[in-house]
> 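I have a structure here, written as structure tokens, and I will follow up with some questions on it.
The residues of the chain are indexed from 1 along the displayed sequence.
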Amino acid sequence: MTGCVGAAQANARMRRMVGAGARELTVSFDAPTRTGLDSSSPGAWGLVGHRGVPIDSIDDMRVLLGGLPLDRVAVSLATDGCAAPLLALYGLVAEEHGTPAGRLTGGVGNDVLTDLLLSGSAPFPPRAALRLTRDVLAHALAELPRWRCVTVRGDRLAEAGAGPAQEIAFTVAAGSEYLLTAAAIGLDPAAVAARTTLCVSAARAERDSRAKVRAVRRLWVRTVRAHLRTAPVPRLCVSAADHRLSATAAGTGTAPEPTGPVGLEATAADLLYRVARLGGLHAVLERRRGPELFGVHGPGLPAPLPRLARPWTSSDTVRARQSERLAKLRAWRVQPAVDDALLRLCEAARGDDNLLGPLREALAYRATLGEVCTALRETWAPDPPVTRR
């Protein structure tokens, strides 16, 4: 999506695509939605509707998905830190459409570690973010049999200035962290890996792209086998603007023959070893040591992702419309029910239960995305413990 758009414009575009025969849709969200802010928040000024659709409540999700055959199209939600509440909203609206969870097809980014590595504005700190990723994984395995749980976007690291070895190492480090965190609470590693995709950027030659995939796969097997007896391999892909190369290899745990660029793999393996010595990628991010692994002794990456130089004035109209919708929502909802649901969400967040249920309840009572994220942030200050081997 280009320009500043709301849910109605995004819905019209998707309905045209489905009418033209599309069976796979990707929904991009604006920066306030991705970082857990309501459109009326001061921090959202100039960004509402830019580079994605604003979703503040279940009402917006209803508008976004209206008239779409959710049982016949695969919808990918391009969100990481806010994957849990946005997936909960998607499931609630799908049920209203008469589509049970078992028939939904699609995926969610849920790659919170890469998001934290790249962004200084992630909605939750590392431990809390990893807790939510774990809960999304468990929920998807139990309720969404046709849903992809995690897509590790190593290609975003390359766009931000990471070298090939750094891209490979951090992709493997993030993916293995998710797998081991899930295994630590009793989830089947093979089932988690089968729902996980590791993406790296395309090289200039297709042969080199395939070599990168082989290097990722070998390093993955080595890294995961150090903690588990087997190393089920997720779906591996090379992403680029002009082509997408895929290699599906889930559940075998067998490394291919070593035919890739040995120097590149050795460099990536050395970086993975350094990450492991620091306690894993989660620990690296908690200690704010990530930039050092990129050769930068200070905040940020060598070439950070492009940021808006100024707020977009064309966002003002969308923000005004969203703020009006939020005011009406708060005026008409049953506030005591919302307050009670948010309290139950906070109580669940203090424990170790899966949060998708309490999130769904609060959002169904028309709590806003910003309200549930604020409640979780306040509950998790400082960070909660996360189950991890």
Side-chain angles (χ1 to χ4, degrees), residues 1 5-30 33-34 38-39 49 52-79 82-110 132 135-149 151 195 318 321-322 325-326 328-329 332-334 337-338 341 345 354-372:
M1 288 176 236
V5 300
Q9 295 97 318
N11 171 262
R13 180 174 182 268
M14 291 193 293
R15 290 176 71 171
R16 287 195 300 270
M17 293 172 64
V18 171
R23 289 296 175 263
E24 295 186 7
L25 302 172
T26 298
V27 180
S28 298
F29 301 96
D30 65 3
T33 301
R34 294 196 309 271
D38 286 335
S39 297
V53 61
I55 296 294
D56 291 319
S57 71
I58 191 171
D59 292 349
D60 291 330
M61 189 63 82
R62 286 169 176 150
V63 173
L64 178 67
L65 302 178
L68 293 176
L70 299 182
D71 58 338
R72 293 187 283 113
V73 295
V75 179
S76 295
L77 307 177
T79 178
C82 280
L86 288 168
L87 179 60
L89 285 172
Y90 185 88
L92 286 168
V93 175
E95 287 180 2
E96 293 178 352
H97 284 206
T99 305
R103 295 179 62 187
L104 294 176
T105 304
V108 64
N110 205 22
L132 285 171
D135 288 352
V136 169
L137 285 166
H139 174 76
L141 289 180
E143 305 291 340
L144 299 166
R146 302 163 65 184
W147 201 264
R148 298 186 306 277
C149 306
T151 299
R195 307 283 198 91
V318 182
R321 186 164 58 245
Q322 289 296 117
R325 288 174 60 83
L326 282 167
K328 290 180 179 178
L329 175 142
W332 285 98
R333 69 188 182 182
V334 182
V338 175
L345 174 62
N354 194 299
L355 292 179
L356 267 293
L359 272 172
R360 283 171 56 92
E361 181 188 27
L363 293 165
Y365 279 118
R366 301 177 82 190
T368 69
L369 180 74
E371 287 169 343
V372 298

> Is the shortest side-chain heavy-atom distance between Leu137 and Arg195 below 4.5 Å?
no
> What are the two closest non-hydrogen atoms of Gly66 and Asn11, and how far apart are they?
O-ND2, 2.7 Å
> Evaluate the side-chain proximity of Leu87 to His139: yes if any heavy-atom separation is below 4.5 Å, no if none is.
yes
> Does a side-chain N-to-carboxylate-O contact under 4.0 Å join Arg360 and Glu95?
yes
> Tell me, yes or no, whether the heavy-atom count around Glu96 atom CD, taken from other residues, nucleotides or ligands under 6.0 Å, exceeds 12.
yes
> Taking NZ, NE, NH1 and NH2 as the nitrogens, is one of them in Asp60 or Arg325 under 4.0 Å from a carboxylate oxygen of the other?
yes
> Could you give the distance from CZ (Arg321) to CG (Leu326), rounded to the nearest 0.5 Å?
12.5 Å
> So which heavy atom on Pro54 is nearest to which on Val5, and how close?
CD-O, 3.2 Å
> Specify the closest pair of heavy atoms between Gly370 and Asp38, including all atoms of both residues, with the distance to one decimal.
N-OD1, 2.8 Å
> Could you tell me the separation between the CD1 atom of Ile55 and the OH atom of Tyr90, rounded to the nearest 0.5 Å?
12.0 Å
> Testing Val318, Asp56, Thr33 for side chain to side chain contact (heavy atoms under 4.5 Å, CB included) with Ser39, which one passes?
Asp56
> State, to 0.1 Å, how close Leu363 and Pro85 come at their nearest heavy-atom pair, and which atoms those are.
CD1-O, 3.5 Å
> Checking side chain to side chain contact (heavy atoms under 4.5 Å, CB included) between Met14 and each of Val27, Val75, Val73, which is the one that passes?
Val27
> Quick check: do Leu86 and Val108 have side-chain heavy atoms less than 4.5 Å from each other?
no
> To check you understand the geometry: which heavy-atom pair defines the closest contact between Ala84 and Leu132, and what is its length?
CB-CD2, 4.0 Å
> Can you tell me how far CD of Glu361 sits from CG of Leu356, rounded to the nearest 0.5 angstrom?
13.0 Å
> How long is the gap from CG on Leu92 to CZ on Arg62, to the nearest 0.5 Å?
8.5 Å
> Between Leu329 and Ser57, which heavy-atom pair has the shortest distance, and what is it?
CD1-OG, 3.3 Å
> Is any side-chain N of the basic residue among Glu371 and Arg333 closer than 4.0 Å to the acidic one's carboxylate O?
yes
> Ignoring hydrogens and geometry beyond distance, is a side-chain donor-acceptor pair present between Asp71 and Thr99 at under 3.5 Å?
no
> Rounded to the nearest 0.5 Å, how far apart are CG of Asn110 and CZ of Arg148?
12.5 Å
> Does Arg103 offer a backbone N or O that forms a donor-acceptor pair with the side chain of Arg146 under 3.5 Å?
yes
